[in-house]
Novice: 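The following block contains the structure, expressed as structure tokens.
Both counts, for ligands and for their atoms, begin at 1 and track the order of listing. Nothing fancy with the numbering, it's 1 onward along the sequence. The structure displayed is predicted, hence computed values, not measured ones.
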Amino acid sequence: MKRLNDFEKYLSQKGLKITREREKIVQLFLKSDKHLNVEELYHKVKKIDPQIGYSTVYRTLRLLVKANLAAERHFGDRETRFEPIRKNEHHDHLICIKCGRIIEFENKKIEELQEEVAKRNDFEVVRHRLELYGYCSRCKR
Ligand SMILES: [Zn+2]
Ligand SMILES: [Zn+2]
């Protein structure tokens with residue numbers, strides 16, 4: 001897995017060691033494309049290795065964010081969620097305020113319009129985040 005290598009590289013640059021535990025956590029995290037909070041990832045990790053503690057999971061996620069391999073997300077509630085950053089990929093989110101469902105979408109037109117707005121204002125966009133809040137198909141009924 002290439003991103004696991006990237007993470008190892010980051011750790012060694014910082015003088016940190018890649019432990020078996022960290023490796024397991026990172027592998028699980030990169031495999032999941034959901035928007036997990038620490039608790040949820042911890043439960044997944046515990047199933048494959050009950051020895052791994054909550055704080056190890058937490059710290060590993062923080063390291064992944066610093067290494068630019070994970071993005072931290074806040075979707076209106078107090079929860080902090082994490083998702084893997086895939087290179088050359090970008091998506092935005094629809095968030096159901098009733099059941100918490102998170103739907104990812106990509107829309108070329110919206111992306112282009114944003115570029116256009118920035119250009120018109122002589123603005124250089126580094127990153128952006130678009131979140132639409134409302135009711136999903138199940139909840140709006
Ligand atoms: Zn819903
Ligand atoms: Zn996402």
Side-chain angles (χ1 to χ4, degrees), residues 1-14 16-141:
M1 208 185 284
K2 208 195 150 286
R3 276 172 305 165
L4 186 60
N5 294 337
D6 289 345
F7 187 53
E8 286 172 9
K9 233 183 277 165
Y10 172 83
L11 288 177
S12 73
Q13 275 165 11
K14 300 280 160 200
L16 298 164
K17 259 182 272 168
I18 178 82
T19 60
R20 289 290 304 149
E21 295 190 333
R22 273 184 187 149
E23 207 171 283
K24 280 182 198 164
I25 296 166
V26 172
Q27 261 164 351
L28 259 183
F29 175 71
L30 293 176
K31 259 199 311 206
S32 74
D33 33 37
K34 282 213 216 118
H35 308 82
L36 299 174
N37 61 28
V38 184
E39 196 76 27
E40 288 161 339
L41 183 61
Y42 171 61
H43 283 297
K44 278 177 185 266
V45 168
K46 234 171 54 177
K47 272 184 210 149
I48 61 155
D49 189 344
Q51 308 284 1
I52 299 177
Y54 182 88
S55 61
T56 308
V57 175
Y58 176 78
R59 282 198 305 264
T60 304
L61 276 172
R62 295 253 69 103
L63 282 169
L64 280 166
V65 171
K66 280 192 195 145
N68 238 332
L69 294 165
E72 200 180 314
R73 303 269 185 230
H74 300 271
F75 294 129
D77 50 12
R78 248 174 241 116
E79 217 64 76
T80 302
R81 297 169 206 282
F82 298 87
E83 72 175 316
I85 294 178
R86 306 164 201 107
K87 268 188 196 132
N88 307 316
E89 188 265 6
H90 169 79
H91 64 262
D92 291 301
H93 298 98
L94 301 168
I95 300 116
C96 177
I97 52 178
K98 196 170 173 204
C99 73
R101 197 167 152 206
I102 298 160
I103 301 160
E104 300 188 336
F105 72 91
E106 239 185 301
N107 186 304
K108 231 180 140 223
K109 254 188 219 158
I110 292 177
E111 300 298 321
E112 282 165 8
L113 281 173
Q114 287 173 154
E115 284 300 323
E116 205 182 298
V117 171
K119 211 170 167 188
R120 223 179 283 149
N121 290 282
D122 194 23
F123 187 87
E124 189 194 334
V125 178
V126 178
R127 59 172 176 271
H128 79 269
R129 188 159 56 196
L130 181 63
E131 289 159 13
L132 306 178
Y133 293 87
Y135 298 100
C136 72
S137 58
R138 280 183 297 225
C139 294
K140 74 177 177 184
R141 266 179 258 153

Novice: With distance as the sole criterion, is a donor-acceptor pair present between the side chains of E83 and H35 under 3.5 Å?
Specialist: yes
Novice: Quick one: list whatever passes side chain to side chain donor-acceptor pair (under 3.5 Å) with R86, sequence neighbours left out.
Specialist: E89
Novice: State, to the nearest 10 degrees, the angle whose vertex is the Zn ion (ligand 1) and whose arms point to SG of C99 and SG of C136.
Specialist: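 C99 SG and C136 SG form an angle of 110° at the Zn ion (ligand 1).
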Novice: Once side chain to side chain donor-acceptor pair (under 3.5 Å) is applied, do any residues pair with Y135, and if so which ones, sequence neighbours excluded?
Specialist: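 Expected list: none.
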Novice: Going by an N to O cut-off under 4.0 Å, is there a salt bridge joining K108 and E112?
Specialist: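 So K108 pairs with E112 through a salt bridge.
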Novice: Does anything in residues 40-50 pair up under side chain to side chain donor-acceptor pair (under 3.5 Å), and if so which pairs, sequence neighbours excluded?
Specialist: K24-D49
Novice: List-wise, which protein N, O or S atoms are found short of 2.8 Å from the Zn ion (ligand 2)?
Specialist: H35 NE2, E83 OE1, E83 OE2, H91 NE2, H93 NE2, E104 OE2
Novice: Look up atom CZ in F75 and atom CZ in R129, then write down how far apart they are to the nearest 0.5 Å.
Specialist: 8.5 Å
